[in-house]
Number of protein chains: 2
Amino acid sequence: MTEKQELILETALKLFAERGFDTTPTSQIAKEAGVSEGLIFRHFTNKEGLMDAILAMSEERMGRHVKSIVALPEPLAKIHATIELPVKLFSEEREFWKLQFSLKWQKKYRGQSYRPSGYYLELVEVLTDAFRQLGYAEPQKEVLLLVMLLDGLSNQLMQQPSEAFIAQTLSFLKSKYQQSQLKS
Amino acid sequence: MTEKQELILETALKLFAERGFDTTPTSQIAKEAGVSEGLIFRHFTNKEGLMDAILAMSEERMGRHVKSIVALPEPLAKIHATIELPVKLFSEEREFWKLQFSLKWQKKYRGQSYRPSGYYLELVEVLTDAFRQLGYAEPQKEVLLLVMLLDGLSNQLMQQPSEAFIAQTLSFLKSKYQQSQLKS
DNA sequence: ACTAAAAGTGAGTAATCACTTACAAAACTA
DNA sequence: TAGTTTTGTAAGTGATTACTCACTTTTAGT
C-alpha cells in the first residue's frame, strides 16, 4: 500500500460519505487527492473496486471492536460496551461509519456489506449468552431488541451528535440494562 | 392529475425505491411507464421535481397515520399503535417507505424530507404525555428510546420481512410496554 | 550501473444522462 | 366549429462520466 494509494482511499471515503457513491465522480476524488485520475484505476481497477477496498477496512475495524467486547469478563459489561459501540464508532471515524450505514439501503451493496459478517454473528452469540447469564427469560429476543436499539441510536447520532445529548442518552440506555431491572 | 401523471409517479417511486434516485435514469422511468421522456419534464420540470411530488405524498400519508394514533383514548394504546406503525407502513406500501428511509442518508434530501415534520413533532408530544400518564419517571427520554427502537425495527423489517418474525418481534416489544412493567 | 517492473500522468473516448425543442394530437371553451 | 390551451411525442444536444492508452518517472533487485 503506497502513500498515494492510502491518499486515494481516504479521499474517496470522505467524499463517498459526504456526497454518496453514485454522485461522486472519480475525477473529483483524483483532484482532491492530488493524483491523476488514471492512478485510481491502476490501483483499484474500478470505481467499485475503490468501494470494495473501503469495505474491506470496515470488516477489519469492526472485528477489532467486537474482539474487545467479547474479551470482557462480566456479562453486564459486555452489554454496556455494546451500547457504547455506536458512540465509539462515530466519535472515532464519523465519515467511515456514516458511509457504512448509508450503504444498507443501496441495493448494490446490501448483500455485500450487510450480509452479516462473522464478527456480527459472534457478537450476537456472546450477547445472547450474556443475557442468559443475567437471568433474562428470552435472551435471543433481548439481543434482537438491543440490535434494533443500536441501529436507531446510530441514526440519532447522525442527526444530533452533541456531547450532552450523547452522554444523556447513553446513561439512560444503560440504566435500562441493570442487574436490578426486570427480566420479564 | 392526469392518468399518465400518476403512472409516471408510481413508476418513479418503484424505481427510486429499487435502484435509488441517482442511479435511475429518467429514460427508464419513461420506458417502464410507457410514456415519452419529455412528458416527465413537461409535468414535473426536473428529476428533482419528480422526487418532490413523491415526497409530498409522504407527508400526507404519514399525517393520516399520526392522526389515527393521536385519536386513541388510552395512553398505552397510543404507545402500542406507535410500535405497530413501521409494520403497518411496510405492509401497506413497502416501496414507498423504503424510499423514505433510504433518503435519510442522502445529503440532498436529508433537510427536506427529514426536517422533522409537524406530524412527527405532534406524535412526540402525544407520546411524551402518554408516558407521563403511565407514570414513567422520564417520559421524554422514553419517547426518544421508542423512536430509536422503531428506527431499528424498520431496518430489521427491510432485511427480514417474514410474517412469523414480525409477529414475534411485535408482541415482544409490546410486552416491554405494559402497565405491569417497571417505570424506573 | 543496468534493467525490468511498478507507479504515475494526462489527454483522449464512447456512452450515458438530464433536459430542450419543434411539432402534433387531444381536450376544452366559445 | 373555430380557436386556444393542454397533453403528448421523437429526435436531438451539450455536458458529464467511467475508463483507456500511450507514455514518462520512480523504485528495486542484482
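Proteins come first, then strands; the chains are lettered A, B, ... in the order of their sequence lines, and each starts at number 1. Source: prediction; values computed, not measured.
Residue A/Asn46 places at least one side-chain N or O under 4.0 Å from the OP1 or OP2 atom of D/dC19.
Taking 4.0 Å as the cutoff to heavy atoms of chain A, we find the contact window on DNA chain C bounded by C/dA7 to C/dG10.
Contacts between residues 4-14 of chain B and DNA chain C, counted as heavy-atom distances below 4.0 Å, involve no residue at all. Within residues 27-39 of chain B, the residues approached by DNA chain D to less than 4.0 Å at the level of any non-hydrogen atom are B/Val35, B/Ser36, B/Gly38, B/Leu39, in residue-number order.
Note on B/Thr45: nothing from the nucleic acid sits closer than 4.0 angstrom, heavy atoms only.
Within the model, atoms CD1 of B/Ile8 and CD1 of B/Ile54 stand 11.0 Å from one another, a figure rounded to the nearest 0.5 Å.
Taking the charged nitrogens against the carboxylate oxygens, A/Lys31 and A/Glu37 have no contact shorter than 4.0 Å, which rules out a salt bridge. Between A/Arg64 and A/Glu60 a salt bridge is recorded (basic side-chain N to carboxylate O distance below 4.0 Å). The pair B/Lys14-B/Glu32 meets the salt-bridge criterion, since a charged nitrogen lies less than 4.0 angstrom from a carboxylate oxygen. Look at A/Arg132 and A/Glu142 and you find no salt bridge, because none of the NZ, NE, NH1 or NH2 atoms lies under 4.0 Å from a carboxylate O.
Looking at which nucleotide of DNA chain D each of A/Arg42 and A/Pro25 is closest to, the 5′-most match is held by A/Pro25.
A cation-pi arrangement is not found for A/Lys98 relative to A/Phe90, the charged atom failing to lie both closer than 6.0 Å to the ring centre and inside a 45° cone about the ring normal.
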- Can B/Ser58 and B/Gln100 be said to form a side-chain hydrogen bond (donor to acceptor under 3.5 Å, both in side chains), step by step? CA-CA 8 Å; B/Ser58 164; B/Gln100 285 302 116; 3.1 Å; yes

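The distance between atom CZ of B/Phe41 and atom C1' of D/dT9, rounded to the nearest whole Å, is 14 Å.
Panel note: side chain A/His80, backbone A/Tyr177; a donor-acceptor pair is recorded below 3.5 Å. Between the B/Thr169 side chain and the B/Phe165 main chain, a donor and an acceptor come within less than 3.5 Å of each other.
Residue B/Glu125 places its CD atom among 12 or fewer non-hydrogen atoms of other residues, nucleotides or ligands, all under 6.0 Å distant.
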